[in-house]
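Below: one structure, written as structure tokens.
We count ligands from 1, going down the list as the structure has it; atoms in each ligand are counted the same way. Computed from a predicted structure; not experimentally measured.
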Amino acid sequence: MEKKIAVALLGATGPVGQKVITLLENHPRFVLAEVAASEGSVGQLYGERVQWKNEVDLPASAARMKIIPLMSVQSKYVISALPADIAQDVEPALAKRGHIVCSNASAFRMDHQTPLLIPEVNLDHLSLLSKQSWSGKILTNPNCSTVFLAGALAPLRVLGEFDHVSVVTMQALSGAGYPGVSAFDLLGNLIPHIGGEEDKIRLETKKILGTAEVPATFGVTVHVHRVPVVHGHTVAVHLKFKTPVSAEDALRVFQETESKFPDFIKVHTAQDRPQPLRDLHPHDMRIHVGRIKQGDPSNGVKDTVGFISLGHNLVRGAAGAAISILDAYLASL
Ligand code: NAP
């Protein structure tokens, strides 16, 4: 049997780090080799230090690992689940030392030399790695709402050129880290603001759906909301094309994509689906689309389709995305 590839995990104790650990357990290609976190955690056993909040039990092998400093990792392949301000310094320092860093943080997503990847959509952007001067590399995954927007928009490009995308997000608590937003603020409530998120979704979507060098030019308008859902970001989309398009065609394209890539797109036709609690599972990499409909045809202009897109923010929106990018990167060598 082929030897598994050792992976170091930075920011191992946060919600994204925890999800990486459960996804790497029994992974066919990778094995968790090192866990790193802040100075306050260094030297402690992972199982004793972590406030485990995952839906799946903590694997015993990870519980026994000792937490090490970020810059002590030895594994060539690194998954970073660090806050962006820490990632800003640590990730290039590791790339300089020859590590291949796949990052969940926003620090380098919009950097012109750094690919921002959804493997099923824009793997050709790996060409940007040739611009990086380090002996190692930095690769990034998108913001946890961007992936459900850009991932769902990507197959629809066969229907015509996009004019404008209007987006409303409903984002889960676990997207805010732990402990995140207090129950006092969110229970029975909705918060119509998440700092920096609207720009991230707008700019990252255009980067992903553009060429490696030039972002897409369609307009993107975003309103974000934090809602009292534990896991699962929902994105409501109105997509205006430059030419007429029908909801039936959009549904057909999503269904064809699902049949080719069942781990990427899942189509729902029931009027009340997809829902975070009913449709997401703890290791769910699928982008669930539903409520596909024609925009208001009453003025005779049939150029807009509406749909919603839902996904697990910690899996397709973070940990699972990083692992799949590492996998795709290795396959590309
Ligand atoms: P987080 O609160 O951003 O990060 C927590 C982790 O970072 C912990 O392991 C913590 O270690 C470590 N850390 C904090 N300060 C540190 C420092 N000064 N030096 C070294 N390590 C430090 O939690 P998260 O929600 O898991 O997010 C991780 C990253 O993924 C963030 O950049 C986030 O924006 C991004 N992201 C999150 C989601 C999501 O749905 N949550 C989705 C996509 C992307 P200690 O326990 O030792 O403090």
Do the side chains of [X] and [Y] get close enough for a salt bridge, i.e. N-O under 4.0 angstrom?
X    : Y    : answer
D263 : R286 : no
E213 : K131 : yes
R252 : E248 : no
K242 : D163 : no
D327 : R29  : yes
E120 : R316 : yes

Can a donor-acceptor pair be found, under 3.5 Å and without considering hydrogens, that links the side chain of D279 to the backbone of R273?
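Flag not set: sc D279 to bb R273 has no pair under 3.5 Å.
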Could you tell me whether F30 and Y77 have their ring centroids closer than 6.0 angstrom?
no
Please determine whether any non-hydrogen atom of P15 lies less than 4.0 Å from an atom of ligand 1.
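Yes; P15 lies near enough to ligand 1 that a heavy-atom distance drops under 4.0 Å.
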So is S174 close enough to ligand 1, meaning a heavy atom under 4.0 angstrom away?
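S174: in contact with ligand 1 (<4.0 Å).
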Checking a contact table here: which protein heavy atom is nearest [atom], and how many Å away?
atom                    : answer
atom 38 (C) of ligand 1 : V16 CG2, 3.6 Å
atom 35 (C) of ligand 1 : N104 O, 3.4 Å
atom 3 (O) of ligand 1  : P83 CG, 3.8 Å

For [atom], is some protein heavy-atom partner under 4.0 Å away?
atom                    : value
atom 33 (C) of ligand 1 : no
atom 25 (O) of ligand 1 : yes
atom 40 (O) of ligand 1 : yes

Out of all atoms in ligand 1, which are within 4.0 Å of some heavy atom of [X]? Include the element for each.
X    : answer
T13  : 8 (C), 9 (O), 10 (C), 11 (O), 45 (P), 46 (O)
A105 : 32 (O)
G317 : 42 (C), 43 (C)
G177 : 25 (O)
S41  : 45 (P), 46 (O), 47 (O)

Assess, by modelled atom type and distance only, whether the side chains of E197 and H223 contain a donor and an acceptor separated by less than 3.5 Å.
no
